[in-house]
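Single-structure report; data block below.
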Amino acid sequence: MTPESSAVFDFAGLFDLLRLGGPVVAVLVAMSVVGLAIVLLKCWQYASVRVGKRSFITPALDQWRSGDRDGAIAALADERNPIADALAVAMRGVSSGASVSIVREEAARVGARHLSQMRSYFRPLEVIGSLAPLLGLLGTVMGMITAFQQLANAGSQVDPSVLSNGIWEALLTTAVGLVVAIPAVVALNWCERVVERLHEDMQDALTRFFTRHEAAGLSSQAPADNAQRAGTPRTSAAHA
């Protein structure tokens, strides 16, 4: 079979599918096109920001802890991952001398904004995954009604082929609905898992940063307090 004849066969099969299924199948085909476009868009979005990359977190935190704050911020600026952006916001805020609580809130706000962008177009996929089987079932019920109407109009001269053809055409819409819904549900669950892992790793990175920063502040404050206590004369000794 030549490529030209194969393409003609595919288009002819699609035309027959639309003709047999009626408007319900046409709606399902349109939903499948929209769902495919959303999945491709999400794949491109996740790939462009390297959503699965985590190798930059530990080196940046180590640079910050060693005192190379500018180097840590510069290393994060080269990354397009949302975790890097939220972590860089936290580092810049602490370097500017702002309150840790305010910096924490700002980093959380930036992270939430990125997560919202990662969750975009989830609702259309959810609608397609839940509505496509219902539309397929609706088309099946309508086709069965039509088949039994033809059977009733035939009276005593019943042709089994009329009923079987009607049932076959009716069940076609259910099959198309499931074919559209299953990939949409799988893609939606995959996207939700990607965003969920991104959220968990972002919280972990920010918690590690603020915990190390506050621990470093406490450790640097302790020698000063000890020195101050050592230089203060004891009251009891003075009175003695």
Hey, any chance [X] and [Y] share a hydrophobic cluster, counting ILVMFWY side chains that come within less than 4.5 Å of each other, even indirectly?
X	Y	result
V110	I73	no
V39	L41	yes
I128	V186	no
M118	Y121	yes
M91	V89	no

Which pair of non-hydrogen atoms, one from [X] and one from [Y], has the smallest distance, and what is that distance?
X	Y	result
W64	A72	N-CB, 3.9 Å
A88	L76	N-CD1, 3.7 Å
A84	E79	CB-CB, 3.5 Å
G129	A181	O-CB, 3.6 Å
A205	L87	O-CD1, 3.9 Å
P183	L178	CD-O, 4.2 Å

Using 4.0 Å as the upper bound for N to carboxylate O, is an ion pair formed by E196 and R193? yes
Can you tell whether the side chains of D204 and R197 come within less than 4.0 Å, N to carboxylate O? no
Say whether, by atom type as modelled, one donor and one acceptor occur between the side chain of [X] and the main chain of [Y] under 3.5 angstrom.
X	Y	answer
S96	G93	yes
T173	V25	no
T211	T207	yes

Roughly how far apart are [X] [atom1] and [Y] [atom2], rounded to 0.5 Å?
X	Y	atom1	atom2	value
N81	K53	CG	NZ	8.5 Å
I38	S120	CD1	OG	9.5 Å
I57	D201	CD1	CG	6.0 Å
R208	T58	CZ	OG1	4.0 Å
F56	D78	CZ	CG	11.5 Å
L137	M142	CG	CE	12.0 Å

For D70, which residues count as a side chain to side chain contact (heavy atoms under 4.5 Å, CB included) partner, sequence neighbours excluded? none
Kindly write out the residues that satisfy ring pair (Phe, Tyr, Trp, His ring centres under 6.0 Å) with Y46, not counting sequence neighbours, or none if the list is empty. W190
Would you find more than 12 non-hydrogen atoms of other residues, nucleotides or ligands less than 6.0 Å from R65 atom CZ? no
For R54, does the CZ atom have more than 12 heavy-atom neighbours from other residues, nucleotides or ligands under 6.0 Å away? yes
Pairs satisfying salt bridge (Lys or Arg N to Asp or Glu O under 4.0 Å), at least one member in residues 108-133, at least two apart: D85-R113, E106-R109, R123-E126
Between D62 and R212, is a salt bridge (charged side-chain N to carboxylate O under 4.0 Å, His left out) present by the stated rule, with each step listed? CA-CA 10 Å; D62 291 340; R212 291 185 180 184; 3.5 Å; yes
